[in-house]
Number of protein chains: 2
Amino acid sequence: MKETKLGDFEETLLLLVGILDKEAYAFKIAEEFESQTQRAVSIGAVHSTLNRLSEKGFLTSEMGEATAERGGRRKRIYSITAHGERVLKESRDFKLSLWNQYPAFATGKLNFIFE
Amino acid sequence: MKETKLGDFEETLLLLVGILDKEAYAFKIAEEFESQTQRAVSIGAVHSTLNRLSEKGFLTSEMGEATAERGGRRKRIYSITAHGERVLKESRDFKLSLWNQYPAFATGKLNFIFE
DNA sequence: ATTATTACTTACTAAAAAGTAGAACATATA
DNA sequence: TATATGTTCTACTTTTTAGTAAGTAATAAT
């Protein structure tokens, strides 16, 4: 296990970036994480993880437009790179494959995903 | 993120134990890992990870019968605990759910797994 | 006997992931 | 102007995961 890969929390955040699309900025990501997992996260943990993901080349980001809302500091909008998407996909395929081989999980329903 | 959970390598090994069933002993697990991932692992890494998984309550094990093969030291056979299976299942469900929400991945094919 | 092979065990180290703390900034409202 | 709100940033610490090293054991083959 040498290559740069994804931790669990990292993978979740990466996916949330993909899900949130144009709304993928740290605060929103943190909120979404909490609502999807019922677990608390500190915003700092999210920021440092997003940084790590960027350094690893899985994410890029750019500053969004200034908003005229209260607290309207400009948001940094994240998006998944091609590399990030590829790694995510590989990770998914590998897991689907394993689950499928484990009798306790194999519903037979995942088979045709590998059509 | 406080609760005891699974690292990536741990999750893979846990699943391999489930897949290998009666053949789930460290050496075989290491071989299977290499064949399924095309990555090398050291047997020591596998042993220490299996230990960790046992301490966390995800696995149990017992010594198998002595075999009359060359190098026939008794094997320690691992199996997944109910707790291990539950955690594995939760992890799977959560991931399936996220993948399904990410447009780049959503084939629509995973939907009905949550029927 | 000696060596090769299949295995386990344990204590340790290294690396990576996760989380914390504290500061800063922009805007709106009171 | 002072305060609340929504937000980013980064250096640092802690915790967890992954991996190494070195030894032990049992058996078969030479």
Side-chain angles (χ1 to χ4, degrees), chain A residues 1-14 16 20 23-34 37 39-56 58-59 61-78 87 91, chain B residues 1-14 16-17 20 23-34 37 39-59 61-78 87 91:
Chain A
M1 316 268 310
K2 274 291 160 47
E3 334 84 84
T4 295
K5 43 178 260 300
L6 288 167
D8 202 63
F9 184 53
E10 290 176 328
E11 185 168 346
T12 300
L13 289 201
L14 193 48
L16 288 177
L20 288 169
E23 287 299 299
Y25 59 96
F27 245 70
K28 190 69 149 226
I29 293 167
E31 269 178 27
E32 191 68 14
F33 180 90
E34 300 200 331
T37 63
R39 270 190 258 146
V41 244
S42 74
I43 182 66
V46 172
H47 274 292
S48 63
T49 300
L50 291 171
N51 286 347
R52 228 182 311 128
L53 286 168
S54 300
E55 279 161 16
K56 289 181 180 178
F58 296 133
L59 287 178
S61 64
E62 48 182 30
M63 297 310 284
E65 293 302 309
T67 49
E69 288 165 76
R70 183 169 187 163
R73 187 172 180 177
R74 293 173 74 195
K75 295 161 185 163
R76 178 173 293 279
I77 306 296
Y78 288 87
V87 168
S91 156
Chain B
M1 315 273 302
K2 272 294 160 44
E3 335 84 85
T4 295
K5 39 180 264 298
L6 290 166
D8 203 63
F9 185 52
E10 291 177 328
E11 186 168 347
T12 300
L13 290 201
L14 192 48
L16 288 176
V17 167
L20 289 168
E23 288 299 300
Y25 60 96
F27 246 69
K28 189 71 148 222
I29 293 167
E31 269 179 30
E32 191 69 13
F33 180 90
E34 298 199 333
T37 63
R39 270 188 258 148
V41 244
S42 74
I43 183 64
V46 172
H47 274 295
S48 64
T49 301
L50 291 171
N51 286 346
R52 226 183 311 127
L53 286 168
S54 300
E55 280 163 16
K56 289 182 181 178
F58 297 134
L59 287 177
S61 64
E62 50 182 27
M63 296 310 284
E65 293 302 309
T67 50
E69 289 165 76
R70 182 172 188 161
R73 185 173 181 177
R74 294 174 72 196
K75 295 160 184 166
R76 178 173 291 281
I77 308 295
Y78 289 88
V87 168
S91 155

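What you see below is based on every heavy atom in this structure, not just the backbone, and it leaves out hydrogens, waters and symmetry mates.
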Minimum heavy-atom distance between B/R76 and B/Y25, given as atom pair plus value: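 Closest approach of B/R76 to B/Y25, heavy atoms only: O-CB, 3.2 Å.
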Could you tell me the separation between the [atom1] atom of [X] and the [atom2] atom of [N], rounded to a whole number of Å?
{"X": "B/E11", "N": "D/dT17", "atom1": "CD", "atom2": "P", "value": "12 Å"}
{"X": "B/I29", "N": "D/dA18", "atom1": "CD1", "atom2": "P", "value": "15 Å"}
{"X": "A/L6", "N": "C/dA17", "atom1": "CG", "atom2": "P", "value": "8 Å"}
{"X": "A/R76", "N": "D/dG6", "atom1": "CZ", "atom2": "P", "value": "21 Å"}
{"X": "B/K75", "N": "C/dT5", "atom1": "NZ", "atom2": "P", "value": "17 Å"}
{"X": "A/L50", "N": "D/dT7", "atom1": "CG", "atom2": "P", "value": "14 Å"}
{"X": "A/R52", "N": "D/dC9", "atom1": "CZ", "atom2": "P", "value": "16 Å"}
{"X": "B/F9", "N": "D/dT20", "atom1": "CZ", "atom2": "C1'", "value": "13 Å"}

Toward the 5' end of DNA chain D, by each residue's nearest nucleotide, B/G7 or A/M63: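 Its nearest nucleotide lies further toward 5', so the answer is A/M63.
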hbond_proxy B/R74 side chain to C/dA7 base (donor-acceptor, 3.5 Å cutoff):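 Result: no qualifying N/O pair found.
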Would you find a donor on one side and an acceptor on the other, under 3.5 Å apart, between the side chain of [X] and the backbone of [Y]?
{"X": "A/T37", "Y": "A/F33", "value": "yes"}
{"X": "A/E23", "Y": "A/K28", "value": "no"}
{"X": "B/E55", "Y": "B/R52", "value": "no"}
{"X": "B/K75", "Y": "B/M63", "value": "no"}
{"X": "B/R74", "Y": "B/G64", "value": "yes"}

Using a 4.0 Å heavy-atom cut-off, does [X] contact any base of the nucleic acid, only the sugar-phosphate backbone, or nothing at all?
{"X": "A/I43", "value": "base"}
{"X": "A/S48", "value": "base"}
{"X": "A/K28", "value": "nothing"}
{"X": "B/S42", "value": "base"}

Nearest to the side chain of [X], heavy atoms from C-beta on, is which of [options]?
{"X": "B/R73", "options": "C/dA18, D/dT7, D/dA25", "answer": "D/dA25"}
{"X": "A/F27", "options": "D/dT8, C/dA7, D/dT17", "answer": "D/dT8"}
{"X": "A/E10", "options": "C/dA18, D/dC9, C/dA7", "answer": "C/dA18"}
{"X": "A/H47", "options": "D/dC9, C/dT10, C/dA18", "answer": "D/dC9"}

A/G44 or B/N51, whichever maps to the more 5' nucleotide of DNA chain C: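 Result of the comparison: B/N51.
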Any B/Y25 side-chain nitrogen or oxygen under 4.0 Å from OP1 or OP2 of C/dC8: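 No.
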OP1 or OP2 of D/dT17 under 4.0 Å from side-chain N/O of B/K56: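 Result: yes.
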